[in-house]
Amino acid sequence: MTVPFIEQNDQTEARRDHLEALRGLVGNVYPNKFERSNVSDTPAGEDTITSIVAAFKKFAPRVAEGEKPSADELDLANSELNKIRVRLAGRIAAPPRVMGKAAFVHLSDGGSRLQIYVRRQDVVGVRNDAGGGEVNGWELFSLLDHGDFIGVEGFLFVTKTGELSVHVEKLQFLAKALLPMPDKMHGINDPEIRQRQRYADLIAGSLKLEPGVGSQEPERKELNSRQAFELRARVIKEIRRFLDEQGYIEVETPMLTPLATGAAARPFKTHHNALDIDLFARIAPELYLKRLTVGGFEKVYELNRNFRNEGISTKHNPEFTMLEFYWAYADVNDMMDLHEEMMRSVVEVATGGVTIRYGEHEIDFSQPFQRITMKEAIARYRGSEVNPNEEPVRIIELFEQFAEPHLIQPTFITDFPKAISPLSKASPSDPSVAERFEYFVGGLESANGFSELNDPEEQYQRFKDQMVQRERGDEEAMVMDEDYIRALSYGMPPAAGIGVGIDRLVMLLANKHSIRDVILFPHMRPERSEGSRQEAEGSVRTGSGSDRINDAG
RNA sequence: GGGCCGAUAGCUCAGUCGGUAGAGCAACUGGCUUUUAACCAGUGGGUCGCAGGUUCGAGUCCUGCUCGGCUCACCA
């Protein structure tokens with residue numbers, strides 16, 4: 001049976017024919033498991049292509065580009081490698097190169113690839129049904145397509161050209177690719193397919209061949225998708241390690257909240273049926289985390305998603321990942337110090353260096369980050385001083401217009417107007433400015449921190465001021481949060497807090513200029529397929545039956 | 001939401017002045033028992049994003065729409 005909304009053409013037809021022939025040969029074409037060996041002694045107890053390559057590549061003789069190793073070198077390598085029997089699984093990473101009665105194929109585990117050598121006279125196939133049994137291995141092999149998953153058993157060796165390979169003796173079919181694979185040289189260039197079908201993007205990255213040495217293609221060190229998301233994982237892991245080591249505790253506060261507050265943004269609205277109340281997807285966890293400092297968590301962080309119902313751009317996704325953390329008894333200056341230390345550590349762990357390239361710019365994290373006030377920044381880049389009586393909103397405008405694009409090297413901008421910082425303490429030396437900073441790098445606003453306002457009566461007044469703004473039509477002005485005022489009334493220690501935009505941090509470190517390149521499944525308009533059109537017309541979807549299945553999963 | 005640009009074979013892309021729809025890779029058939037983007041010979045594959053219009057004739061020109069990219073505004 002074919003799936004109606006998956007396209008059919010000569011290529012899918014050929015793959016389907018192969019699948020049916022395989023079914024006749026091996027029985028179950030979607031077996032439940034394949035047991036892998038563990039000769040590379042992985043902690044997980046099973047060999048992967050990556051672990052085998054890492055463990056045994058060193059036996060392959062090293063030769064200059066275009067040269068071949070000597071017979072003695074090959075014999076030496078093979079005398080060790082031939083003793084090593086492996087059971088490995090992976091995706092067929094290229095159209096098999098068949099030469100009559102033998103063939104070379106590369107297998108991929110998504111990260112690395114390893115060549116296998118299949119010879120007609122010494123490969124047997126394995127049935128997948130209970131009891132197993134052997135079938136014609138070469139016939140099985142000849143039914144495989146680029147992209148299929150197989151398991152192999154055999155011994156390691158190096159070929160005449162010195163490439164580490166597996167000489168296959170047993171071959172097992174594991175799963176079919178019914179759709180053709182992306183072009184092996186070009187991958188997928190269409191950004192729409194890359195983002196909508198991230199799976200295809202990731203496959204394309206793992207199957208793509210590097211241009212040969214003679215190629216005229218300019219040298220590009222751009223990370224592919226997999227590498228960018230691996231970098232993202234390293235960034236997040238290092239942030240957690242850093243904060244945990246500093247004595248912070250990680251918490252999770254509500255995503256669905258009765259009030260959307262803690263930031264200036266429009267929220268997503270949803271509805272709770274049983275309670276019959278509207279809820280908002282949170283725009284920031286800030287006020288919940290500060291309630292926890294009231295409760296006695298002196299160092300607390302949350303690394304999770306926020307949701308803002310605003311425009312989508314190369315720098316904005318409706319859901320984005322933010323780190324927020326709060327540090328009792330510290331002020332804004334301590335927080336800048338800590339953030340600077342954390343950034344240096346993250347950059348080093350994620351990229352292996354202290355300088356990075358972002359587009360045209362070389363960004364250096366090894367030097368102390370610049371710290372300048374907002375008015376100084378405007379004066380520096382506009383060339384004239386700010387009028388001392390300038391409106392707060394106008395100061396921000398001037399800053400964004402003249403200064404922000406120039407903030408390439410890591411820079412803290414301090415002394416924000418108090419009027420636009422309703423959760424921030426005023427500066428002891430100048431009551432018109434807040435003890436607040438924003439951190440800029442690569443021209444991107446990347447973090448925002450301040451000395452937290454902990455006086456419940458002043459906070460009450462600031463909220464009232466915000467309500468006035470809201471009544472004047474500012475949809476992003478904050479709302480009164482009575483429970484938060486109550487929490488502050490129990491007493492909150494002096495504290496500094498910060499919010500760090502993780503997606504933008506990853507963009508910077510991965511040298512990506514669109515947030516969609518660092519979010520696996522970025523928000524996009526729904527695709528209009530045949531199937532969804534039928535659903536929209538009401539002929540397919542029947543109601544709640546399928547929801548229970550999803551809940552159980 | 002505004003402006004600019006794009007959509008052609010499974011993938012990457014050509015398509016001139018409006019005159020029979022093209023290439024490479026992939027697929028299919030045959031050959032080849034250590035290949036390296038393997039090679040050699042042959043074959044098939046298209047709703048030119050969708051809908052109208054102009055024209056004897058539209059992939060090409062015009063209008064509208066859909067989806068996407070960049071950019072401006074709002075924001076992190």
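So that the names make sense, note that chain A is the first sequence line, chain B the second, and so on, each numbered from 1.
B/A21 and B/C48 have their C1' atoms separated by 8 Å, with the value rounded to a whole Å. Taking the C1' atoms as reference points, B/G19 lies 43 Å from B/C72, given to the whole Å. B/G59 and B/A14 have their C1' atoms separated by 12 Å, with the value rounded to a whole Å. Atom name C1', nucleotides B/C56 and B/G64: the rounded distance is 26 Å, in whole Å. Comparing B/G52 with B/G45, their C1' atoms sit 30 Å apart, to the nearest whole Å. Atom name C1', nucleotides B/U55 and B/A7: the rounded distance is 25 Å, in whole Å. Between B/A9 and B/G22, the distance separating the two C1' atoms is 10 Å to the nearest Å.
Each of B/U12, B/U33, B/G69 was ranked by its minimum atom distance to the side chain of A/Tyr117; first place goes to B/U33. Which of B/A76, B/G69, B/C32 sits closest to the side chain of A/Met99 comes down to B/C32. Closest approach to the A/Ile193 side chain among B/C11, B/A38, B/U71 is made by B/C11 (side chain taken as heavy atoms from C-beta onward). Checked against B/U12, B/C67, B/G10, the side chain of A/Arg525 finds its nearest nucleotide in B/C67.
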*Can you check each nucleotide of nucleotides 21-28 of chain B against protein heavy atoms at under 4.0 Å and return B for base, S for sugar-phosphate only, - for none, in 5' to 3' order?*
---BBBSS
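Judged by Watson-Crick or G-U wobble contacts below 3.5 Å, the nucleotide B/C4 has B/G69 as its partner. Base pairing analysis places B/C50 opposite B/G64; the two distances defining the Watson-Crick or G-U wobble pair are each below 3.5 Å. Of the nucleotides present, none pairs with B/A37 by Watson-Crick or G-U wobble criteria with both distances under 3.5 Å.
Looking at A/Glu163, its side chain has no donor and acceptor atom pair within 3.5 Å of the base of B/U34.
A salt bridge does not link A/Lys315 with A/Glu445: none of the charged nitrogens is closer than 4.0 Å to a carboxylate oxygen. Ion pairing between A/Arg23 and A/Glu20 holds under the 4.0 Å rule for side-chain N and carboxylate O. A salt bridge links A/Asp503 with A/Arg232: at least one charged nitrogen is closer than 4.0 Å to a carboxylate oxygen.
In terms of heavy-atom proximity, A/Val479 sits nearest to A/Ala260 at CG2-O, 4.2 Å.
Within the nucleic acid shown, A/Glu7 comes within 4.0 Å of sugar-phosphate atoms alone, with no base atom in reach, counting heavy atoms only. Looking at heavy-atom distances under 4.0 Å, A/Leu444 makes no contact with the nucleic acid at all. Residue contacts shown for A/Arg113 are absent, as no nucleic acid heavy atom lies under 4.0 Å away. Among the protein residues, A/Ala204 comes within range of no part of the nucleic acid, since none of its heavy atoms lies under 4.0 Å from any strand. The residue A/Gly499 sits apart from the nucleic acid: no heavy atom pair falls under 4.0 Å. When heavy atoms are screened at a 4.0 angstrom cut-off, A/Asn309 is found touching no nucleic acid atom at all. As judged by a 4.0 angstrom heavy-atom cut-off over every strand, A/Glu476 is placed among residues touching the sugar-phosphate backbone only. Residue contacts shown for A/Asp190 are limited to sugar-phosphate atoms, with no base heavy atom under 4.0 Å away. Among the protein residues, A/Met322 comes within range of no part of the nucleic acid, since none of its heavy atoms lies under 4.0 Å from any strand.
The CD-P distance, from A/Gln121 to B/U33, rounds to 11 Å in whole Å. Going from atom CD of A/Gln115 over to atom C1' of B/A38 covers 11 Å, rounded to whole Å. Look at CZ on A/Arg194: it is 16 Å from C1' on B/C67, rounded to the nearest Å. If you take NE2 of A/His339 and C1' of B/A76, they are 13 Å apart, rounded to a whole angstrom. Here B/A76 presents its P atom at 19 Å from CZ of A/Arg305, a figure rounded to the nearest Å. Atom-to-atom, CD of A/Glu404 to P of B/A73 comes out at 11 Å; the value is rounded to the nearest Å. A/Ile396 has its CD1 atom 12 Å from the P atom of B/C74, to the nearest Å. Between A/Glu319 atom CD and B/A76 atom P the separation is 17 Å, expressed in whole Å.
In this model, the phosphate group of B/C13 is approached by a side-chain N or O of A/Asn189 to a distance below 4.0 Å at OP1 or OP2. Contact annotation: A/Arg97 side-chain N/O to B/U35 OP1/OP2 distance is not under 4.0 Å. Side-chain N/O atoms of A/Arg196 include one lying less than 4.0 angstrom from OP1 or OP2 on B/G68. Between A/Gln195 and B/G69, a side-chain N or O to OP1/OP2 separation shorter than 4.0 Å is present. Using a 4.0 Å cut-off, some side-chain N or O of A/Thr314 falls inside it from OP1 or OP2 of B/U71.
Aromatic ring centroids of A/Phe440 and A/Phe399 lie under 6.0 Å apart. Between A/Phe369 and A/Tyr439, the distance separating the two ring centers is shorter than 6.0 angstrom.
Relative ring orientation between A/Phe155 and A/His167 is described as parallel, the plane-to-plane angle staying below 30° on a 0-90° scale split at 30° and 60°. Aromatic ring orientation, A/Phe412 versus A/His339: perpendicular (interplanar angle above 60°, classes split at 30° and 60°).
Look at A/Phe320 and the base of B/A76; the rings stack, centres closer than 5.5 Å and planes less than 30° apart.
Side-chain N/O atoms of A/Thr253 and A/Glu302 include a donor and acceptor closer than 3.5 Å.
Distance alone, capped at 3.5 Å, places no donor-acceptor pair between the A/Ser446 side chain and the A/Leu444 backbone. The backbone N or O of A/Ile6 sits less than 3.5 Å from a side-chain atom of A/Gln8, completing a donor-acceptor pair.
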